[in-house]
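Some notes on the structure that comes next.
Note: hydrogens, waters and symmetry copies are ignored here, and every other heavy atom, side chains too, is used.
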Amino acid sequence: MVGFAGWAMPMQYGSIIDEHLATRSTAGIIDISHMGRLRFEGPGAAVFLAELLTRRVADMELGQIRYSLVTNDRGGILDDVLVGYYRNEHGQPFYVVVVNASNRQKIVDWVKAHLPPERAEKPGHEVVFSDLSALWAMFAIQGPRSIDILQPLIDIDLRSMRYYRGGLVQILHPAAQRQGGIISRTGYTGEDGFELSLGSDIALGVWEAILQLGKPFGLAPTGLGARDTLRLEAGMPLYGHELSEEIDPFQAGLGFACHLRGYDFPGRDALVQLEKGPHRDVRVGLELPGRRPAREGYSICKDGQPVGRVTSGTFSPTLQKPIAMGYVRPDLAATGTTLCVDIRGHLEEARVVELPFYRRNNKGASK
Amino acid sequence: VTPDKLLYAKTHEWVSVEAGPAGEKIATVGLSDFALKALTDLVYMDLPQIGRQVKAGEPFGEIESVKAVSDIYSPVDGQIVAANADIAQNLQHLSEDPYGDGWLVKIRVSDSAGLAKLMDFEAYQKQCAEEGEH
């Protein structure tokens, strides 16, 4: 067990490599209850979020989910989030914004700073904000067989749910005590899969029910260690590593998540300027021909001169070689560029490669 | 060799001492089963060159798992006289026989008094039980 953002979390249940490969070949289940979940309701919620997030949300369809960023006034990344747009059992629409555990308090404070009572209570434009993080647990069930494992538990046809879609469902198991949850076809592993939010009071029983259903398929309880190697192979950035308040979305390759010509949001003017350049260090993928992983904080060099820094690195269980992400000068970021990484005093060759390192063959569901 | 007959360093290396051809003490050194179970998922190991002088408590090598890199510390003062290149190339076998084929280096001991600072099996098991609780 390891400490993370105030949570005690399993680094691994057994072997990180076994858990990683189970997720790639069949399925893994990861307890991600540490993730922050913030709910926004009321007639003013859509415009409020549009004026907080970098990505357009006002045009989202019910059941749609989008990846977005929250930026500060300088355009630095405060967090990367998923926004989902749902309708509750009474027919009222609401948004759920899933934030990183390590940023939850910061984002809650940011929301409150931008939502003074006169705005939250403005007649006809009310915004009701609540932090559900402690009330809800969350599981990620990821891998090609995740749909077969989960379908018997869920009252809607999961096959017809598209990627980055979700909705409120009933959980069909006595352990769920007739409670529902929110399921979405999303994940952080590069595999097809689902994320399920449910009441923390029923979470343990439902976790065990899913493990039982998954047994014939080889479902593996999967820890933070494999979650990190899976997301790294999938080329996905992790806040606190690839993303920080000192990094802007264009450096991180996340320009697609910024709509600069719609609503005004904190950081928009700064991002308009940053997009024009000159460009700062950019995020790249690196592959090393040896067996020694390049790890976070190691220096990236060219001709003996430091030109960047590794932000995440590991030994890829799927590709059987060391992979890393880091930031380098834009002129050294082209695919195929040969660089070096200083591995505790040994200069090891590293080649810039395209991200992601791993892409699944079968997309599972159409986008 | 069985684990209960070995000596142990705080940093989880085991030591087996035998007499060499000239009557000198040769220490065979490896990593304990407890350490290997904690590391898991090994991907790389760096062992010292033969002839290198080593000091008790100072690192002579590195072992890397998927999640982290760890130093391997010399339990004694002396000189490296052999290193197990086979096991470094076949790390998947290291945990199968950590006290036999999984030995890492042999050290010609230059200061026998240092051996007295190592733990016996019972004391080492106690340390592991305490670490396991955290």
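The number of heavy atoms from other shown groups lying within 6.0 Å of CD (B/Glu122) does not exceed 12. Few gaps surround NZ on A/Lys106; more than 12 heavy atoms of other groups in view lie less than 6.0 Å from it. Within 6.0 Å of the NZ atom in B/Lys55, the count of heavy atoms belonging to other residues, nucleotides or ligands does not exceed 12. Heavy-atom neighbours of A/Glu354 CD from other residues, nucleotides or ligands within 6.0 Å: at or below the threshold of 12.
Within the structure, salt bridge (charged side-chain N to carboxylate O under 4.0 Å, His left out) contacts touching residues 27-52 of chain B (residues at least two apart or in different chains) are B/Asp33-B/Lys37.
Closest approach of B/Glu64 to A/Pro293, counting heavy atoms only: OE1-CD, 2.9 Å. In terms of heavy atoms, B/Val66 sits closest to A/Thr314 at O-OG1, 3.0 Å.
Considering NZ of B/Lys67 and CG of A/Leu224, their distance stands at 11.5 Å, rounded to 0.5 Å.
Counting only distance, with no hydrogens or angles, the side chain of B/Thr40 and the backbone of A/Ser15 share no donor-acceptor pair below 3.5 Å. A/Arg291 places a side-chain N or O within 3.5 Å of a backbone atom of B/Val43 that can act as its donor or acceptor partner.
Looking at A/Arg344 and B/Val69, their side chains come closer than 4.5 Å, going by heavy atoms from C-beta outward.
With a 4.5 angstrom heavy-atom cutoff, A/Gln320 does not touch chain B via any of its atoms. Using a 4.5 Å cut-off between heavy atoms, A/Thr229 touches chain B through its side chain atoms alone.
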